Amino acid sequence: MKEQLKEITEKTLEKIKGVSSHEGLNDIRVGVLGKKGELTGLLQNMKNVPADERPEIGRIVNEARETIEEAIKKADEVISEKTLNEKIKNEKTDVTLPASKKAYGHRHPNRVVLEEVEKIFIGMGYEVVHGPEVELDYYNFEALNIPANHPAKDEQDTFYVNEKVVLRTQTSPVQVRQMERGKIPIRMIAPGRVFRADEVDATHSPCFHQVEGMVIDENITFADLKGTLESFAKRIFGEDTKTKFRPHHFPFTEPSAEMDVTCFKCKGKGCRVCKGEGWIEILGCGMIHPLVLERCDVDTKKYSGFAFGIGLERLALLKYEIDDMRLLYENDIRFLKQF
Ligand code: DAH
């Protein structure tokens with residue numbers, strides 16, 4: 001048995017010398033030391049060894065195992081080093097080559113327009129505030145004078161999280177949250193994402209952006225609303241822009257209106273951008289409904305206010321003459337780079 005052990009050890013050491021890959025070494029390890037390996041097999045014969053010789057044979061077996069393991073470990077290291085050296089040799093960097101071109105990102109047209117809108121309102125003393133996208137039904141509807149069963153609830157196909165929680169369908173709930181903070185006067189805009197269960201097409205998306213605006217102070221009248229929104233329109237579409245307020249209905253304002261601007265492309269003559277109308281609708285607005293103010297504990301004898309809601313995508317599409325809203329959501333850098 002001692003002879004056999006010696007033979008196995010020498011044969012294995014010889015084999016190790018001839019191997020040049022990690023896989024090859026592993027094969028040897030398994031073939032000798034593995035469950036069905038030669039050395040392991042030999043150990044199973046221990047029962048045939050006379051009892052007094054067993055300790056010595058045991059020692060020799062252990063030595064053989066250690067010798068072989070050690071040799072495999074060394075060979076493994078040599079192979080690793082060789083592979084690394086070869087890799088380093090082959091991966092030379094030619095520092096004289098021109099640098100590869102870096103691709104830069106680009107600001108999204110929505111963001112460019114939003115920054116412009118924010119700048120205009122901040123210039124008029126407004127504060128930019130934010131509200132939650134996952135909103136209570138109470139803030140999104142009820143507090144805004146849209147009770148259960150109100151038809152406006154159908155108009156805005158709502159994503160419900162549960163009976164009381166929705167993905168906000170508009171940024172108007174931020175008005176309520178701001179009023180509840182109890183500090184008046186208020187001059188705020190609240191930009192953000194809104195959600196509606198709409199099919200995607202050239203003018204609709206289940207997720208888009210609005211900018212809400214609200215002013216509450218003493219003696220605020222419809223004239224303030226008109227003056228503010230007119231000067232906003234001129235800033236964003238050009239000084240020669242004219243505005244027109246058409247009566248409309250929103251549950252949370254009274255009276256309510258939609259504001260049209262003269263088409264910045266044809267200056268009101270009628271063209272493709274304004275669909276021949278000469279006018280383009282850009283926002284909804286109105287004097288905040290007394291019921292909404294009262295629900296938020298605003299003293300309606302002392303204070304009044306106006307509010308407005310702007311569709312951000314609509315502004316971006318108009319301003320940049322983009323005719324398909326879907327382009328805004330694909331984030332193709334070749335598209336974004338144009339703005
Ligand atoms: N929330 C309205 C919508 O999504 C837009 C709007 C209209 C907001 C009039 C207002 C407003 O604050 O006064 O259609």
Side-chain angles (χ1 to χ4, degrees), residues 114 117 121 126-133 135-147 150-159 166-180 186-198 203-217 220-230 232-233 243-261 280-293 295-296 298 303-315 325:
L114 176 59
V117 172
F121 282 105
Y126 285 57
E127 181 187 1
V128 181
V129 302
H130 297 274
E133 291 172 359
E135 183 58 284
L136 288 170
D137 182 286
Y138 173 78
Y139 286 101
N140 195 79
F141 293 118
E142 212 175 308
L144 289 165
N145 206 24
I146 313 175
H150 192 287
K153 255 179 143 167
D154 299 335
E155 275 163 35
Q156 305 187 347
D157 292 316
T158 312
F159 286 116
V166 301
L167 300 186
R168 66 177 178 193
T169 59
Q170 48 187 354
T171 43
S172 305
V174 189
Q175 288 184 26
V176 181
R177 289 184 173 275
Q178 193 69 10
M179 280 188 258
E180 281 188 351
I186 298 172
R187 276 179 179 66
M188 65 125 213
I189 54 167
R193 276 201 290 190
V194 300
F195 306 85
R196 289 185 200 181
D198 273 332
T203 52
H204 291 88
S205 161
C207 166
F208 57 102
H209 299 76
Q210 289 185 335
V211 184
E212 193 72 18
M214 175 174 74
V215 171
I216 300 182
D217 205 343
I220 297 290
T221 67
F222 205 91
D224 297 303
L225 176 156
K226 280 183 81 177
T228 304
L229 295 177
E230 260 170 32
F232 164 71
T243 52
K244 177 167 85 176
F245 289 81
R246 274 181 297 102
H248 199 75
H249 171 261
F250 297 105
F252 34 88
T253 43
E254 179 57 37
S256 308
E258 278 187 335
M259 184 177 87
D260 295 350
V261 293
I280 302 170
E281 180 243 312
I282 63 159
L283 55 81
C285 57
M287 300 306 290
I288 304 172
H289 200 296
L291 285 176
V292 175
L293 294 172
R295 203 175 260 122
C296 299
V298 175
Y303 298 114
S304 55
F306 67 82
F308 52 92
I310 308 170
L312 191 63
E313 275 81 356
R314 199 170 152 68
L315 273 195
M325 191 168 175

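All values reported here derive from a predicted model rather than from experimental measurement. We count ligands from 1, going down the list as the structure has it; atoms in each ligand are counted the same way.
Polar contact check, Gln210 against ligand 1: a nitrogen or oxygen pair lies under 3.5 Å apart. Looking at ligand 1, you won't find any N or O of Gly284 less than 3.5 Å from one of its N or O atoms. Between Glu212 and ligand 1, at least one pair of N/O atoms sits closer than 3.5 Å.
Looking at Phe306 against ligand 1, nothing comes within 4.0 Å, counting heavy atoms.
Among residues two or more places apart in sequence or in another chain, the salt bridge (charged side-chain N to carboxylate O under 4.0 Å, His left out) test is passed with Arg187 by Asp217. Partners of Arg193 by side-chain hydrogen bond (donor to acceptor under 3.5 Å, both in side chains), not counting sequence neighbours, listed by chain and number: Glu133.
At a 4.0 Å cut-off, at least one heavy atom of Arg196 sits close enough to ligand 1 to count as contact. Under a 4.0 Å heavy-atom criterion, Met214 is not in contact with ligand 1.
The six-membered or imidazole ring of Phe232 lies near that of Phe121, with a centre-to-centre distance under 6.0 Å.
Atoms of ligand 1 found under 4.0 Å from any heavy atom of Gln175, numbered from 1 in the order shown, are 12 (O). Atoms of ligand 1 found under 4.0 Å from any heavy atom of Gly286 (numbered from 1 in listed order, with element): 13 (O). Heavy-atom proximity to Thr253, at under 4.0 Å, picks out these atoms of ligand 1: 13 (O). Near Cys285, meaning under 4.0 Å from one of its heavy atoms, ligand 1 places the atoms 9 (C), 11 (C), 13 (O). Every atom of ligand 1 is numbered from 1 in the order shown, and the set under 4.0 Å from a heavy atom of Ser172 is 1 (N), 8 (C).
Here the rule is side chain to side chain contact (heavy atoms under 4.5 Å, CB included) with Leu229, and of Leu283, Asp224, Ile282 only Leu283 fits it.
Shortest non-hydrogen contact noted between Pro191 and Leu114 is CB-CD1, 3.6 Å. The two atoms that bring Pro173 and Glu135 nearest to each other are CB-OE2, 3.6 Å, heavy atoms only.
Both cation-pi conditions hold for Arg177 and Tyr139: the charged atom is under 6.0 angstrom from the six-membered ring centre and inside a 45 degree cone around its axis.
Residues Gln210 and Gln170 bring no donor and acceptor atom of their side chains to less than 3.5 Å of each other.
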